[in-house]
S.K.: 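Quick one: the structure is below, questions incoming.
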Amino acid sequence: EKLIIGLASEPTAIDPHYHNLGPNNALSRHIFDRLINQDEKQRLKPGLATSWKPIDDLTWEFKLRPGVKYHDGSEFNADDVVCSFKRAPDVPNSPSSFATYTKGKTVVKVDNLTVHFKTAQPYPLMGNDVSTVPIVSDSAGCNAATEDYNSGKAAIGTGPFKFVSYKPGESIVLSRNDNYWGDKPVWTELHLRSIKSGPSRVAALLAGDVDMIAGVPTTDIETLKSNKKLQLSQGVSNRVIYLHLDQFRENSPFVKANGGGEIKNPLLDVRVRKAISMAINRDAIVDRVMEGVAIKAGQLLPEGFFGVSSKLEPVAYDPKGAKGLLAAAGYPDGFEMTIHSPNDRYINDAKIAEAIGQMLTRIGIKTAVETMPRSVYFSRASKGAKGLPEFSFILVGWGAGSGEASSPLKSLIHTYDKSKGFGSSNRGRYSDPAVDAVIEEALRTVDDAKRQDLLAKATEMAIENVAIIPTHFQVNTWAAKKGLKYIARTDEYTLAIGVLKE
Amino acid sequence: MTEVVQQDLASERQVQTIDSETPFKRFVSEFFDSKTASVALFILLSIIILAVIAPWITPQDPYDLAQVDVLDGRQPPGAEAFSGYTMWLGSDGAGRDLYSGILYGLRISLSVGVMSGFIALLIGMAVGLLAAYAGGRAENVIMRVVDLQLSFPAALVALMLIAILGKGVDKIILALVVAQWAYYARTVRASALVERNKEYVEAAACLGISHARIIFRHIMPNCLAPLIVVGTVQTAHAISLEATLSFLGVGMPQTSPSLGVLIANGFEYMLSGRYWISVFPGIALLVTVVSINLVGDHLRDVLNPRISTGGGKAK
Amino acid sequence: MPNTLEVSGLKTHFLMRAGVAKAVDGVDFSIAKGEVMGLVGESGSGKSITGFSIIGLIDPPGRIVEGSIKFQGEELVGAPEERLRNLRGNRIAMIFQDPMMTLNPVLRVDTQMIEALKAHQNIGKKEAWTKARDTLGMVGIPAPDERMRAYPHQLSGGMRQRVAIAIAFLNEPDLIIADEPTTALDVTIQGQIIHEAQNLCRRTGASLIWITHDLAVVAGIADHISVMYAGKIVEQGNIDDVIDRPAHPYTVGLLGSVPSANNRGQRLYQIAGMTPNILALPKGCSFKERCDRRTKTCEVSPEAVERNHRTFRCHHPYFEEVEV
Amino acid sequence: MSVFIIRRLLQAALIVFIMSLIVFFGVNVIGDPVYMLVSPDADQADIEKAIERLGLNLPIYEQYFKFLNGAWQGDLGDSFVFGEPALKLILHHMPATFELAFTALAMAIVIGIPLGLYSGLYPEQKISKGIMAGSILGFSLPTFWVGLMLIMLFAVMLGWLPSTGRGDTAKLFGLQTSLFTLDGLSHVILPALNLALLKISLAIRLTRSGVREAMGQDYVKFARAKGLNTSRIILVHVMKNIMIPVVTVMGLEFGSLVAFSVVTESIFAWPGMGKLLIDAILQLDRPIVVAYLMIIVLFFVVINLIVDIIYSILDPRVRLQDQGA
Amino acid sequence: MSAPLLEIRNVSKRFVKKLDVAGKIAARLGANISEETVHAVDNVSMTINKGEVVGLVGESGCGKSTLGRVVAGIHNPTDGQVFFEGQDISALEGVRKREVTLAVQMIFQDPFASLNQRMRVEDIIGEAPVYHGLTTRSEKSDYVDEIMEKVGLDPSLKKRYPHQFSGGQRQRIGIARALAVKPRFLVCDEAIAALDVSIQAQVINLFMDLREEFDLTYLFISHDLSVVEHIADRVLIMYLGRVVESGITEEIFDRPVHPYTSALLAEAPRLDQRKREFAPIKGEIPSPLEPPSGCHFHPRCPHAIGDCSRQAPALEVVRRNHIAACHLRERFG
Ligand SMILES: Nc1ncnc2c1ncn2[C@@H]1O[C@H](COP(=O)(O)OP(=O)(O)OP(=O)(O)O)[C@@H](O)[C@H]1O
Ligand SMILES: Nc1ncnc2c1ncn2[C@@H]1O[C@H](COP(=O)(O)OP(=O)(O)OP(=O)(O)O)[C@@H](O)[C@H]1O
Ligand SMILES: [Mg+2]
Ligand SMILES: [Mg+2]
């Protein structure tokens, strides 16, 4: 049976190690397996490994699944794992490698069905990291170039689908792997088409050209819901949309006194940050801008994820209180500020920025809104003219790829530290040694319960200090023909295995 | 070209009417001969006036974030806003009153179109006149540059430029100027070449009049007619182009939307039944562009029936 | 046998926004077989429109409003278009002024000739080609085979006009209307063209209307002359009569205006004023404002009078004084 | 002729060189692609490695020289995003765009010329006025807006034609084209129509003004004086003259069709060069942008050349021969 | 003897169409292309005395206008010199240069193209005098009135634009424009060719009147022999860039020597010749790009002998006030 899916973004290669990017990772999950799979809630489930456990402080042992066959008939074994972990971080020309997950780990083959992962320090997130690296075949894939994958020559995995054809920009055709070791997919033939323009994607579904689409624009959800021929699936994602504030410059480039003069950066004052958070009407954002399809955020990950604090609630909308705080901080008449935001990255990103601009202007912080394509935005936001983040107040999002709270804590909250690789996306340069210490301790703690507490504690401390201002969690929507049901995933991936017939 | 000139002679020789009107009066009376063009001009003028007085006739300043409330968002036509006024054309996703938004958007769209057209016209005219008058190597170099520019579609040039320059009215205008000046230059050069070879230029030279004066006082006024036509068409084109760029996400900023941005934003709502967000600005754009084109079309007939042929390889 | 052409009371008007342009306003003349008539007049006097009226090529806003044109006894005014088309280029042919413009620039000479033959004769392509080539030879074009394959722009002005003449003569018409065919050419070429046209007319017995503003040219070739002014023929008659003993003050003026050896260094006779605007002609005689013989009677439009072998429209003709 | 070709080639070389300079440095100004390409999980060291891998750590002029060196050997660099040679990617997307542009051009000619002819011959008729009004609309409507309307009407509401994408392709002369399969044709109609709209208007206007001018020419009058019937006058005398501007202008417009397909392709999810370009611009995939522009320049030069040659064939007055004025 | 008002010595004017880079490359690669040179005027000398009217006659393209432009200073000669009152004009500077520029004015053929459509008559006529300080801005109006009256135009029409005038009136405006800078020498390039017969007479008369009133000298270019015969004191006949015959008018018209002159005279239609047989000379004027060798006229000449195709005849005196360039001048002279 044939299934045609309209994707919102286009995979850029068949090579699973080439570009560590959402759409590519989603695609590679069809053809390739990982040692550990993430389920729809990003919980770790056995994949090509049947079990994994730390055998000492520095070694994890993985038992491999016996009897798994590649699409070309060859057998899966420990050699494939070793060579895959060698290839993944080092594909030529790759703009975004898997080194993030493989570094610091040595993979040792013990026997045909056992491998050891060794690290220099205790490493609790071994499972999460390993779950991101696709396994390719030693014989067909490890020495192949990206082009060989795209042409199909090397596109040989153990996954539920087999490669049929790839026309860049147009479509990817896969067929069912009838020898799959796990649950076999319902679909014998799978077409993945990318239709970037939201309305066009919806139109394609309405016209019956595709069976299912990902990334339903929020504006259309209401109408599609009332359409009898369609069925929607929704689920909260691991992505939090938040505001980063300049907390390291005495004079912030985009914060000005009323009338445009220089002032000492008010964002350094925690009362001002709190006021901003209180001025944001999260309900309005969710209801009006997101058309109800989002969840108010009070911390880094939505409920149910590992490392989430049960104590934190979204900050309540309180413009009066906000004004009071501003006055207390010495800004009774507010100041001027620019919010920068991408306009093609997150769901309704520019509109949210505009709404926030409106809300802040109302409590006296006259906020200009500047949106730009992500191509311009990210390099300026991360590294402006002087190698420092250029903006003062930005809207960004963070999806926790590992599915637990250390990911945002380490990248967004921890002090920017190039040598240790911490705070790489800390574009406000928030820095609190106390929080840093808790995060680092969590990252050394292999015990799950203890780690959960440490992560929650770090989150609470950061939110208390208004290191960042979370606004909401994205909710993703898929729409399909009646009779099809998609199991919504927190990682935002669109996977054909998740499409079920009712 | 010479044929055209000969024809001019032939046709003019027959019109031996000695009327006492000035060329301008004659032009005006001929222009208003066409009902469609008169109506179009009337509409266009009304649009311009509305755009100019927008701040005094709109309930909201859609560019002032303090006046725009997301809670007013996506209201259908006729709904009442929180601040009490009626949004006759509804509101967009950010809570902008569309009536106000359209009039303000018109201001931007028109000024982008007119400004870019005007600057491009000035540049193009100077370059074209210079090329035609100087001749020889200078002309060759200039015209190669013009060719280079023309060999790229305006849309592509503008797209690339804005990607490089970033957003903002000034940048859009700059991009549109770069995309358009060559059209003017070519037009001016073509007519200046014809004019330069006319005997009145020789007469002026014979009378010892300086080159600059010959170029600007004698040749230039005679090249204006086709320029005006190209100017109207290009202005309409610039307005459309700005809308298209906005659609592609590289146009005007989100918070000071031009018509194009309004349409592009509303575009997302097309399938959701909230037609007004995109349709009303769309109609405004359409009416503006159509009436400019109608006026330009008729100007073409009145000012110079022959440049419309696009003769030879002209576009 | 009827005259080849009899035109009487012909009025061709252009109805325009600014008024009615009476381009041709009551023209009568006739041409016998083999006769050459010169039609002279200044620019805008209606010569060309007379020619186009005869051949039936008046386009809106112009219209023949009155009068009759009898070609070999057949009435052409009001005749069905198909009939006119049959006559055009077949029995009546026309040659235009500007040889640059009359030939289609993108079609080869042979195409343009053969189509003229095929439009009127059931004739094979080969035969048509041969005939076309022979006709080219007849108008004095050297190496006609080669010229057949040429495009108009590859020919000089004189050559082009010869081709146009050849096309006009292809179907051996009975009447040829030549509308200033030599005005744009040099004297030596003009001589050549007149020479060819004269020869061919004589050979085929065709009648010829030669339209020009150059009296000297008409003097050289015509049997008859008609002088047009503001849409009317003000004087017509035998060539010698009219040129040697003009009756109408306008004719007198025209003849006096021509510079020549006889009046070297002297002031020329000059007609006062300028050629009139046919949209705003004065009442009565349209020449009266430029005429130094005008009297009260000129307020009434003069009828055509026939006297002394000629017809004229004037209340005060010159020859009366001379003769009386 | 040879002068002509040489002149064009010289021009092309110059333009390509200048373009490469502008684009190379221009794109560099926009921003650093790495920050958009890297996974958010990447830390500072990973980012630096990626920069190095893409060769972006070198000073920009060195990058440019490297690029020139490669370009000289036909290597325009590898796409940052796709990791494959930019040239290969563009060539891969080219047939789709060309087939779209061709279809649009054909539509413009097949629809535009007859309509223009009619309205030029009978300018006073109601139908002609309607045609002219339509052509003004065609000029004025923004392409993207029309595109969505077409989808709404023909795909969503009527369900007659598919909304997006390219249909089945078949091989012809070694090229994949969708013009010879039923499914492919049904896919190409809407986007091509969308793209053609402007050009139809243009064809109408060109033809009309050409007809109007030609009809007033002496050679038409002379043709009538020869006693030719109306159809021959129109089809041979008038049409042949009009074809000169129409064909040349339409030929040149083919270039702008290709360029304008950017908009249409993104609406109809048409897998062509335009979409590739706009994505590349949005992702700062500099090798693709540079390669695209260079190929387009080349393509324009070729089109210009072809148009000139056609022009000289159609109009015997223009000769591209080396000798003679 | 005082110097003639104007003298030109061995003046040549060539128009060269140069090859561009592409052309040069193609030529290198063996394409059959080269620069094209038009010898528009080829080694012409003449003198014009004060008060004289010199007629210049020849067929289209023979270089009449080019010569006229050289004289008027619009073109610089490729070779040779132009003297005004004995001074080489190329060597003049400053005030004197302007004086000479203004002293030689030109009247053009086309009464439409020669007037700037966008200027009022007043400005057309008054621009140069104001520009050169011959009058002031405030007195311009009177100045223009005066000149308009001189050329027979109603000064009350001075606010009008050229298109509101008839051809003859326009030509008068052109003449007024030239007269406004008080010239002493007028080059009239086919100045009456585009006018109707009755208007031609008016303008010719005007020229003759002005000549007397302002003591003007004319170079009168025309292809119409009867006009030249009527107005000129001396005549130059040109053929393909060269002067083939020149002399006082009666001489040339009554006793032409050069076969080309004879042919021209024979072809010119005259009122007193009725129903004549035209027996034209054969052929057409050759392309100035590749003029025939020797005597340019030899391919069309009914009397051509062997020498004619080999050697260009020089201008030699035939009689007093009459020179011709023909190998056979003895026979015809
Ligand atoms: N299509 C037309 N529309 C309006 N008026 C016209 C038209 N054609 C000719 N006329 C008018 O008819 C009059 C006679 O024109 P016609 O062409 O017959 O003059 P002509 O004697 O041939 O002049 P010429 O010597 O310039 O050729 C002119 O005054 C002209 O203005
Ligand atoms: N600016 C120019 N560039 C190139 N060639 C020119 C130029 N001006 C004139 N010529 C050429 O010089 C030759 C003489 O031209 P000129 O205008 O002097 O002839 P003419 O005798 O005035 O002809 P006509 O009687 O047609 O006015 C012609 O062959 C012409 O093509
Ligand atoms: Mg006529
Ligand atoms: Mg001349």
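Chain letters run A, B, ... following the sequence lines, proteins first and then strands; every chain starts at 1. Only this structure's heavy atoms are used, side chains among them; waters, hydrogens and symmetry mates stay out. Worth saying up front: this structure is predicted, and the values here are computed from it rather than measured.
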S.K.: How long is the straight-line distance from NZ of C/Lys118 back to NZ of D/Lys226, given to the nearest 0.5 Å?
M.R.: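 Answer rounded to 0.5 Å: 13.5 Å.
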S.K.: Passes side chain to side chain contact (heavy atoms under 4.5 Å, CB included), D/Arg224 versus C/Asp59? Steps please.
M.R.: CA-CA 12 Å; D/Arg224 289 165 69 195; C/Asp59 293 318; 2.9 Å; yes
S.K.: Under 4.5 Å heavy-atom distance to chain D, tell me which part of C/Glu82 shows up: side chain, backbone, both or neither.
M.R.: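 No part of C/Glu82 comes within 4.5 Å of chain D.
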S.K.: Hey, could you give me the CZ/CG distance between C/Arg88 and D/Leu228, rounded to the nearest 0.5 Å?
M.R.: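 So the gap between those two atoms works out to 9.5 Å.
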S.K.: Taking all non-hydrogen atoms of both residues, which atom of C/Met94 and which atom of D/Ala225 are closest, and how far apart?
M.R.: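 Smallest interatomic distance, heavy atoms only, reads CB-CB, 4.3 Å.
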S.K.: Could you tell me which portion of C/Leu107 (side chain, backbone, both or neither) has an atom closer than 4.5 angstrom to a non-hydrogen atom of chain D?
M.R.: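 Contact with chain D involves the side chain of C/Leu107 alone.
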S.K.: To the nearest 0.5 angstrom, please state how far the CZ atom of D/Phe222 sits from the CE atom of C/Met101.
M.R.: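 Output value for this atom pair is 13.5 Å.
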S.K.: Any Lys/Arg nitrogen of D/Lys221 or C/Asp179 sitting under 4.0 Å from an Asp/Glu carboxylate oxygen of the other?
M.R.: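 Not counted as a salt bridge, because no side-chain N and carboxylate O are separated by less than 4.0 Å.
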S.K.: Of all the heavy-atom pairs spanning C/His120 and D/Gly227, show the shortest one and how long it is.
M.R.: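 Looks like NE2-CA, 3.7 Å.
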S.K.: Using heavy-atom distances under 4.5 Å, tell me whether C/Ala164 contacts chain D through its side chain, its backbone, both, or neither.
M.R.: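 Contact with chain D: backbone and side chain both.
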S.K.: In Å, rounded to the nearest 0.5 Å, how long is the span from CD of C/Glu81 to CG of D/Asn229?
M.R.: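 Between C/Glu81 CD and D/Asn229 CG, I get 10.5 Å after rounding to 0.5 Å.
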S.K.: Report, by ascending residue number, the residues of residues 232-243 of chain D in heavy-atom contact with chain C at a distance under 4.5 Å; give 'none' if the set is empty.
M.R.: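 Near chain C, by residue number: D/Arg232, D/Val236, D/His237, D/Lys240, D/Asn241.
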S.K.: Side chain, backbone, both or neither: which part of C/Leu57 has an atom under 4.5 Å from a heavy atom of chain D?
M.R.: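 Both the backbone and the side chain of C/Leu57 come within 4.5 Å of chain D.
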